[in-house]
Amino acid sequence: MQKPAEPVTDRSRYWLYGGIALLVVAIVYSGILLLRARAGATADRAAVDAALSSNTTQVKFVPEEDAAVGESLGAADAPVVVREFADFQCPACGAFEPTLEKMRKDYVDTGMVRFVFFDYPLDIHKNAMLAAQVARCAGNQGHYWPMHDLLYARQQEWAELPDPLAKFQSYAKEAGVDPDALLLCIRTGNTHDVVMRSQGYGDALGINATPSYGVNGSGYAGVMPYDDLRKLIERQYALAKKPATSGRH
């Protein structure tokens with residue numbers, strides 16, 4: 001048998017309206033928290049952008065010197081150019097190399113970025129000049145990048161050796177280089193001048209530390225996290241593509 005419905009009393013109305021009011025307050029409060037979270041995220045992004053901007057200088061790279069003294073990897077018409085001035089013996093450059101390797105995979109191999117490497121051997125690193133010449137000599141045989149990568153990957157093996165030449169020769173076969181031709185190139189000093197010209201180019205641009213690098217016309221110094229470098233690349237890519245799409249409706 002169904003129980004008769006009880007009449008709605010003032011007390012029942014009180015609990016009903018009170019429950020509704022609490023529900024409304026909870027919804028409003030949740031909305032406020034969501035807005036604050038979004039505002040916080042926006043503030044964090046703004047802080048990152050501000051930090052990147054504060055570490056930026058404008059650099060007027062010279063395309064002719066890029067071609068003459070830089071070792072280039074990637075599409076010649078890539079909309080973004082990442083340039084690095086580095087020393088093969090520099091520990092900070094070695095620490096930055098995995099970031100650049102990831103950048104090469106994600107952006108150079110996909111045609112978005114051209115990467116150009118410049119030698120900037122520091123006087124405080126006694127083996128840096130020879131390492132730069134070794135890489136350039138390997139480049140004369142068409143194997144610059146394998147040697148470049150090996151020199152950074154094995155940096156701790158050769159950096160403090162009194163004479164690392166034998167160690168460099170041992171890398172030759174692994175890099176696809178003729179060891180005898182490499183040794184002859186080094187002994188004749190065939191690549192010394194281009195390394196010195198690369199260093200002079202860096203001096204003219206105001207480079208005074210390694211690693212230093214540019215993303216299009218913006219210059220940076222020091223080791224940067226990959227996520228920050230990625231943001232810079234994608235920002236420059238968007239700017240480079242904007243004129244081509246601005247006329248569309």
Asks: Do Val62 and Val81 land in one hydrophobic cluster if side-chain heavy atoms of ILVMFWY residues count as linked below 4.5 Å?
Replies: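 Same cluster: Val62 reaches Val81 through Ile, Leu, Val, Met, Phe, Trp or Tyr contacts under 4.5 Å.
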Asks: For the residue pair Lys126 and Leu161, what are the closest heavy atoms and their distance?
Replies: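 Scanning both residues completely, I find the closest heavy atoms to be CE-O, 3.8 Å.
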Asks: Examine the side chains of Glu84 and Tyr120 and answer whether a donor and an acceptor come within less than 3.5 Å of each other.
Replies: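 Looking only at side-chain atoms, Tyr120 and Glu84 do not form any donor-acceptor pair under 3.5 Å.
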Asks: To the nearest 0.5 angstrom, please state how far the CD atom of Glu65 sits from the CZ atom of Arg197.
Replies: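 So the gap between those two atoms works out to 4.0 Å.
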Asks: Given the rule in the side-chain contact (heavy atoms from CB on, under 4.5 Å) test, do Val113 and Met103 qualify, once you have shown the distances and angles that lead to the verdict?
Replies: CA-CA 9 Å; Val113 166; Met103 181 271 295; 3.9 Å; yes
Asks: Are any of the side-chain nitrogens in Arg104 or Asp149 under 4.0 Å away from the carboxylate oxygens of its partner?
Replies: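 Salt bridge flag = yes for Asp149 with Arg104.
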Asks: For the side chain to side chain contact (heavy atoms under 4.5 Å, CB included) test, which of Tyr152, Tyr226, Tyr213 pairs with Phe96?
Replies: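 When Tyr152, Tyr226, Tyr213 are each tested with Phe96, the side chain to side chain contact (heavy atoms under 4.5 Å, CB included) holds only for Tyr213.
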Asks: Is it true that Glu174 and Arg154 make a salt bridge, defined as a side-chain N closer than 4.0 Å to a carboxylate O?
Replies: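 Between Arg154 and Glu174 there is a salt bridge, with a charged N closer than 4.0 Å to a carboxylate O.
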Asks: How close do Ala175 and Pro146 get, counting heavy atoms only, and between which atoms?
Replies: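 Answer, listing the atom of Ala175 first, then Pro146: O-CB, 3.8 Å.
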Asks: I'd like a table of donor-acceptor pairs (distance under 3.5 Å, sequence neighbours excluded) in which one partner is a side-chain atom from residues 129-139, with atom names and distances.
Replies:
| residue | atom | partner | partner atom | Å |
| --- | --- | --- | --- | --- |
| Arg136 | NE | Asp119 | OD2 | 2.6 |
| Arg136 | NH1 | Val69 | O | 3.1 |
| Arg136 | NH2 | Val69 | O | 2.7 |
| Arg136 | NH2 | Asp119 | OD2 | 2.9 |

Asks: Report whether Leu151 and Ile124 are members of the same hydrophobic cluster (ILVMFWY, side-chain heavy atoms less than 4.5 Å apart, transitive linking).
Replies: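 No, because Leu151 and Ile124 fall into different hydrophobic clusters, even though each may have its own neighbours under 4.5 Å.
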Asks: If every non-hydrogen atom of Ser218 is compared with every non-hydrogen atom of Gln58, which pair is closest and at what distance?
Replies: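 It is OG-NE2, 3.5 Å.
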Asks: Specify whether Phe115 and Trp145 have parallel, tilted or perpendicular ring planes, treating 30° as the upper limit for parallel and 60° as the lower limit for perpendicular.
Replies: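 It falls in the tilted class, 30° to 60°.
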Asks: What verdict does the side-chain contact (heavy atoms from CB on, under 4.5 Å) test give for Phe168 and Met147, after you've listed the backbone C-alpha separation in whole Å, the side-chain angles of each residue and the deciding distance to 0.1 Å?
Replies: CA-CA 9 Å; Phe168 291 152; Met147 184 62 79; over 6 Å; no
Asks: Should Ile207 and Val116 be counted in the same cluster of Ile, Leu, Val, Met, Phe, Trp and Tyr side chains packed under 4.5 Å apart?
Replies: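 Hydrophobic grouping puts Ile207 with Val116.
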Asks: Just distance, no hydrogens or angles: give the donor-acceptor pairs under 3.5 Å from side chains in residues 177-186, sequence neighbours left out.
Replies:
| residue | atom | partner | partner atom | Å |
| --- | --- | --- | --- | --- |
| Asp178 | OD1 | Asp180 | N | 2.9 |
| Asp178 | OD1 | Ala181 | N | 3.3 |

Asks: Got a sec, which residues hit side chain to side chain donor-acceptor pair (under 3.5 Å) with Tyr144, two or more places apart in sequence or on another chain?
Replies: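 Partners of Tyr144 by the side chain to side chain donor-acceptor pair (under 3.5 Å) criterion come out as none, since no residue qualifies.
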Asks: Rounded to the nearest 0.5 Å, how far apart are CG of Leu165 and NZ of Lys167?
Replies: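 Between Leu165 CG and Lys167 NZ, I get 12.5 Å after rounding to 0.5 Å.
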Asks: Any side-chain to backbone donor/acceptor pair from Ser198 onto Val194? Under 3.5 Å, distance only.
Replies: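 Flag not set: sc Ser198 to bb Val194 has no pair under 3.5 Å.
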Asks: How long is the gap from CD on Glu234 to CG on Asp106, to the nearest 0.5 Å?
Replies: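 Taking CD in Glu234 and CG in Asp106, the distance rounds to 9.5 Å.
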Asks: Under 4.5 Å between any side-chain heavy atoms of Ile233 and Val82, yes or no?
Replies: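 Yes, their side chains come closer than 4.5 Å.
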Asks: Can you list the steps and then say if Glu71 with His148 is a side-chain contact (heavy atoms from CB on, under 4.5 Å)?
Replies: CA-CA 10 Å; Glu71 292 287 349; His148 169 282; over 6 Å; no
Asks: Taking atom NE2 of His125 and atom CG of Asp87, what is their separation to the nearest 0.5 Å?
Replies: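 Taking NE2 in His125 and CG in Asp87, the distance rounds to 5.5 Å.
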Asks: May I have the step-by-step check of side-chain contact (heavy atoms from CB on, under 4.5 Å) for Met112 and Lys241, ending in yes or no?
Replies: CA-CA 11 Å; Met112 291 175 64; Lys241 288 295 184 180; over 6 Å; no
Asks: Kindly assign one of parallel, tilted or perpendicular to the pair Phe85 and Tyr201, based on the angle between their ring planes and the thresholds 30° and 60°.
Replies: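 The arrangement is tilted - the two ring planes meet at 30° to 60°.
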Asks: Are Phe61 and Leu73 in one and the same hydrophobic cluster, where Ile, Leu, Val, Met, Phe, Trp and Tyr link if side-chain heavy atoms are under 4.5 Å apart?
Replies: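 Different clusters.
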Asks: Please report the closest heavy-atom contact between Gly111 and Ala78, naming both atoms and the distance.
Replies: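 Looking at all heavy atoms of both residues, the closest pair is O-CB, 3.6 Å.
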Asks: Does Phe88 belong to the same Ile/Leu/Val/Met/Phe/Trp/Tyr cluster as Leu122, with side-chain heavy atoms less than 4.5 Å apart forming each link?
Replies: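 No, it is not one cluster - the side chains of Phe88 and Leu122 are not joined through contacts under 4.5 Å.
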Asks: Checking the side chain of Asn127 only, and the main-chain atoms of Trp158 only, is there a donor and an acceptor separated by less than 3.5 Å?
Replies: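 It does hold such a pair.
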Asks: Report the C-alpha separation of Asp66 and Arg83 in whole Å, then their side-chain angles, then the decisive distance to 0.1 Å, and conclude whether the salt bridge (charged side-chain N to carboxylate O under 4.0 Å, His left out) test is met.
Replies: CA-CA 9 Å; Asp66 287 356; Arg83 299 170 174 90; 2.7 Å; yes
Asks: So, Gln155 side chain and Cys90 main chain: donor-acceptor pair closer than 3.5 Å or not?
Replies: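 Indeed, once roles are kept as given, a pair shorter than 3.5 Å links the two residues.
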